[in-house]
Amino acid sequence: MLEFRDDYLIHIDSIVNTEIVKDIDYVGFVDWNVRDFHSFDTFHGATYNSYLIQDEKTAVIDSVKTQYVSYQIRNIADKVPLDNVDYVVCNHAEPDHAGGIAALLEYLPKAQLLCNVKCKDILTDYFKGVVNKWNVRVVSPDDAVSLGKRTLRFINTPMVHWPESMFTYLPEEQLLFSMDAFGQHIATSGRFDDQQDLPEILRAAKSYYANIVTPYGKQVQAVLKAAADLPVKMIAPSHGVIWRTHQQKILELYQQWSAGVQSKKILVVYDSMWESTSMMAQSIFEGATSVSDELDVQMIHIRKNCLTDIAAEMLDAAGAVFGSPTLNMQMMPHLSSVLTYIKGLKFSPKAAFAFGSYGWSSGGAEQIDKWIDDIGWKKICQPVKCRFKPDTNILKLCFNEGVKLAQTILK
Ligand code: FEO
């Protein structure tokens, strides 16, 4: 655990523009500098959102990363005396939201921690020997915690994306605190979707879904079904902007992404040593693009693109081909990382095939071919291989397989 910085607790009495709705304020932290979030490339930063609800009773929704909890405590202290806070809700035990909870509870002497039973179990393992000293109330969807004019309700959302994941709902405001769901990794000064460039926010939301939520599409569908009857004016996730204008749009997109809906898109994903596999990739690309301008065909050299962006593009692709030269009888090591990552994310099955060059011993394209079989994607042809450098016949074969892939997708 990182050192707690109480020198950040300087009270400046000037934190403005935090109001979400009357008496509900943003008290989280905007992290402009984070660039790696457990291998998620956060080129545009991130936020760890927390909200303060002031009523007859006062509640804090979620905490932040350990190293920023001093800012969270300062933000709360700017609004209310710290010993007036009655509740802290923990919707999710992952350390970007719960890491700061131990320090937060130290500073909120009266606060009771509200979480579900699975969350309590996980927090017990994270904060060994400490949780039994906290005032914890285990809550369930049958509970209603009155704050006065407003009520906290709880919706368990298991595996979206951890077992203990939970939404908190404020019916009187029709406000859903949705934890990671509907989140985006992007740092902004404005807190709302209508204060930012919408395509940029939607791109960040898609990348977030692809890289964090994709394996749990069935669970997302179940949550969307359960939440369908809730009137929602505002969705306040634990990362990124709050949806107050485009909430229907993000709900529709979650419906599509979780159902595995694909667009007419093909990815040519490859690595190369001496340009032979690059030449093959180029011919596949040209074959696929020759079929129809309805298709979006993208060349992705894996050492010139990051895993995070590759996953975001893969989410709704209908076709994907993977190429690698053979190195030491294996595929190239970076492609191995890409395939491991894609396999874990459990994307909807794509039409696919393998290709690549080799020298005195093959193996790379065959490994990719086996990977396609293993994950159950729709293989449209045997691996396309060439020894050392592709000739006209090989490039023509690559072109033709690109055509076949495009035709398969357009059928
Ligand atoms: Fe943002 Fe799953 O933590």
Side-chain angles (χ1 to χ4, degrees), residues 1-2 26-51 60-69 71-72 88-104 113 115-116 118-123 125-127 154-168 176-188 191 201 204-220 222-223 235-243 250 254 257-258 307-308 311-312 315 341 344-346:
M1 191 177 290
L2 291 168
Y26 184 86
V27 289
F29 184 76
V30 180
D31 187 350
W32 292 91
N33 295 320
V34 63
R35 290 292 177 270
D36 171 69
F37 195 103
H38 58 51
S39 288
F40 189 131
D41 289 302
T42 46
F43 296 128
H44 304 288
T47 72
Y48 319 110
N49 296 345
S50 171
Y51 305 94
V60 173
I61 307 291
D62 292 319
S63 187
V64 298
K65 275 186 175 177
T66 313
Q67 62 264 47
Y68 302 121
V69 70
Y71 284 109
Q72 182 190 24
V88 173
V89 177
C90 182
N91 281 320
H92 180 24
E94 195 163 6
D96 50 329
H97 310 294
I101 272 191
L104 181 62
L113 183 71
C115 65
N116 66 28
K118 288 179 187 167
C119 188
K120 186 180 176 189
D121 279 351
I122 295 173
L123 292 175
D125 277 334
Y126 262 115
F127 297 97
F154 310 99
I155 303 162
N156 287 331
T157 58
M159 298 317 297
V160 182
H161 67 121
W162 275 27
E164 85 300 353
S165 299
M166 180 177 90
F167 291 172
T168 296
L176 186 68
F177 298 104
S178 65
M179 174 263 313
D180 283 342
F182 315 114
Q184 331 95 50
H185 276 326
I186 187 165
T188 55
R191 296 272 55 84
I201 296 300
K206 182 179 181 184
S207 181
Y208 191 89
Y209 185 94
N211 284 278
I212 303 284
V213 189
T214 305
Y216 311 109
K218 277 190 189 142
Q219 291 88 344
V220 171
V223 167
I235 301 173
S238 54
H239 296 292
V241 296
I242 296 164
W243 304 95
I250 192 64
Y254 261 60
W257 295 335
S258 60
L307 272 177
T308 304
L315 174 66
Y341 191 53
L345 288 172
K346 296 187 173 69

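Whatever order the structure lists them in is the order used to number ligands and atoms, beginning at 1. Fair warning: this is a prediction, and the values are worked out from it, not measured in the lab.
Heavy-atom contacts from other residues, nucleotides or ligands closer than 6.0 Å to NZ of K120 number 12 or fewer.
For D96, the N, O or S atom closest to atom 1 (Fe) of ligand 1 goes by the atom name OD2.
Geometry at atom 2 (Fe) of ligand 1: OD2/D180 and NE2/H92 form an angle of 90°, nearest 10 degrees. For H161 atom NE2 and E94 atom OE1, the angle they make at atom 2 (Fe) of ligand 1 is roughly 90°, to 10 degrees.
No side-chain donor from either of H97 and N91 sits under 3.5 Å from a side-chain acceptor of the other. Residues D180 and H161 bring a donor and an acceptor atom of their side chains to less than 3.5 Å of each other.
Atom 1 (Fe) of ligand 1 has H239 among its coordinating residues (N/O/S atom, backbone or side chain, under 2.8 Å).
The distance between the ring centers of F167 and F177 does not fall below 6.0 angstrom.
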